[in-house]
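Right, one structure below, let's go through it.
Predicted, not measured: the structure shown is a model, and the values here were computed from it.
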Amino acid sequence: MKITVAVSFLFFIAGFLIPGVFMRIFTNEQALIESGRMYLRMVSPAFLLTGISQVYLCILKNTGRAVKSSVISSVSVVVNIILNAIFILGGLGYLKWELREQH
C-alpha cells in the first residue's frame, strides 16, 4: 500500500502540475495537448483513489472474494462510462467538453 500510494501520489502531482508533459508523450498536436491538459488536471486526483482501490480489490481476490471484487470493478466501469458520457459528451445540463473549453 505504501508503494502504491507513493506512485499514485507522483502521478497525481505530475498530472496536476505538468499535464502538458504527459500529453506530449501521446501527441504533438497542440489542440489535443491543450484540451488534454485541462482534462488531465481535472482528473488527476482520481490517480490517488485508483491506486488505493486497486490494492483493496487485489486483497479481495486473494482472500477468496473474487466475485465481490468483480462486481465492484464492473460497477465502477459502468459508472465511469456514464459519467464520461455526461461530462464529456454533454448531458443532464452539462455542456459538451469542447463547448466548455470555449467559455
Side-chain angles (χ1 to χ4, degrees):
M1 179 65 87
K2 290 177 186 178
I3 293 170
T4 299
V5 169
V7 171
S8 298
F9 185 75
L10 288 175
F11 274 90
F12 158 65
I13 291 297
F16 190 77
L17 296 178
I18 53 169
V21 173
F22 280 140
M23 292 304 300
R24 283 183 184 83
I25 293 170
F26 301 104
T27 184
N28 291 326
E29 293 184 41
Q30 194 59 35
L32 288 175
I33 292 170
E34 288 304 315
S35 180
R37 283 179 58 212
M38 190 168 103
Y39 180 77
L40 191 55
R41 183 169 281 140
M42 185 175 67
V43 300
S44 63
F47 296 151
L48 292 170
L49 301 174
T50 301
I52 294 167
S53 68
Q54 289 302 312
V55 170
Y56 283 112
L57 290 173
C58 286
I59 290 170
L60 284 173
K61 290 176 190 173
N62 291 330
T63 57
R65 295 181 180 96
V67 172
K68 185 181 246 183
S69 175
S70 296
V71 169
I72 292 169
S73 295
S74 298
V75 170
S76 297
V77 167
V78 171
V79 169
N80 186 28
I81 291 169
I82 292 169
L83 291 177
N84 281 342
I86 291 169
F87 294 127
I88 296 173
L89 302 176
L92 298 177
Y94 287 93
L95 291 174
K96 288 179 92 173
W97 183 258
E98 64 264 7
L99 297 175
R100 205 172 325 150
E101 290 177 344
Q102 296 170 1
H103 287 102

Roughly how far, to the nearest 0.5 Å, is the [atom2] atom of [Y] from the [atom1] atom of [X]?
| X | Y | atom1 | atom2 | answer |
| --- | --- | --- | --- | --- |
| T50 | F12 | OG1 | CZ | 12.5 Å |
| I72 | R65 | CD1 | CZ | 10.5 Å |
| S8 | I3 | OG | CD1 | 11.5 Å |

*List in chain and number order the residues that pass side chain to side chain contact (heavy atoms under 4.5 Å, CB included) with A85, two or more places apart in sequence or in another chain; answer none if no residue qualifies.*
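Partners of A85 under the side chain to side chain contact (heavy atoms under 4.5 Å, CB included) test: L89.
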Same cluster or not: are [X] and [Y] linked, directly or through other Ile, Leu, Val, Met, Phe, Trp or Tyr residues, by side-chain heavy atoms under 4.5 angstrom apart?
| X | Y | answer |
| --- | --- | --- |
| V75 | I86 | yes |
| L83 | V78 | yes |
| V79 | V71 | yes |

If I compare all heavy atoms of [X] with all of [Y], which pair ends up nearest, and what's the gap?
| X | Y | value |
| --- | --- | --- |
| F47 | L40 | CZ-CD1, 3.8 Å |
| L57 | S73 | CD1-OG, 3.5 Å |
| T4 | I52 | CG2-N, 4.2 Å |

*With distance as the sole test, does S35 use its side chain to make a donor-acceptor pair with the main-chain N or O of L32 at under 3.5 Å?*
no
Please set out all donor-acceptor pairs under 3.5 angstrom arising from side-chain atoms of residues 15-31, sequence neighbours excluded.
{"unit_1": "R24", "atom_1": "NH1", "unit_2": "G20", "atom_2": "O", "d": "3.1"}
{"unit_1": "T27", "atom_1": "OG1", "unit_2": "E29", "atom_2": "N", "d": "3.1"}
{"unit_1": "Q30", "atom_1": "NE2", "unit_2": "E34", "atom_2": "OE2", "d": "2.9"}

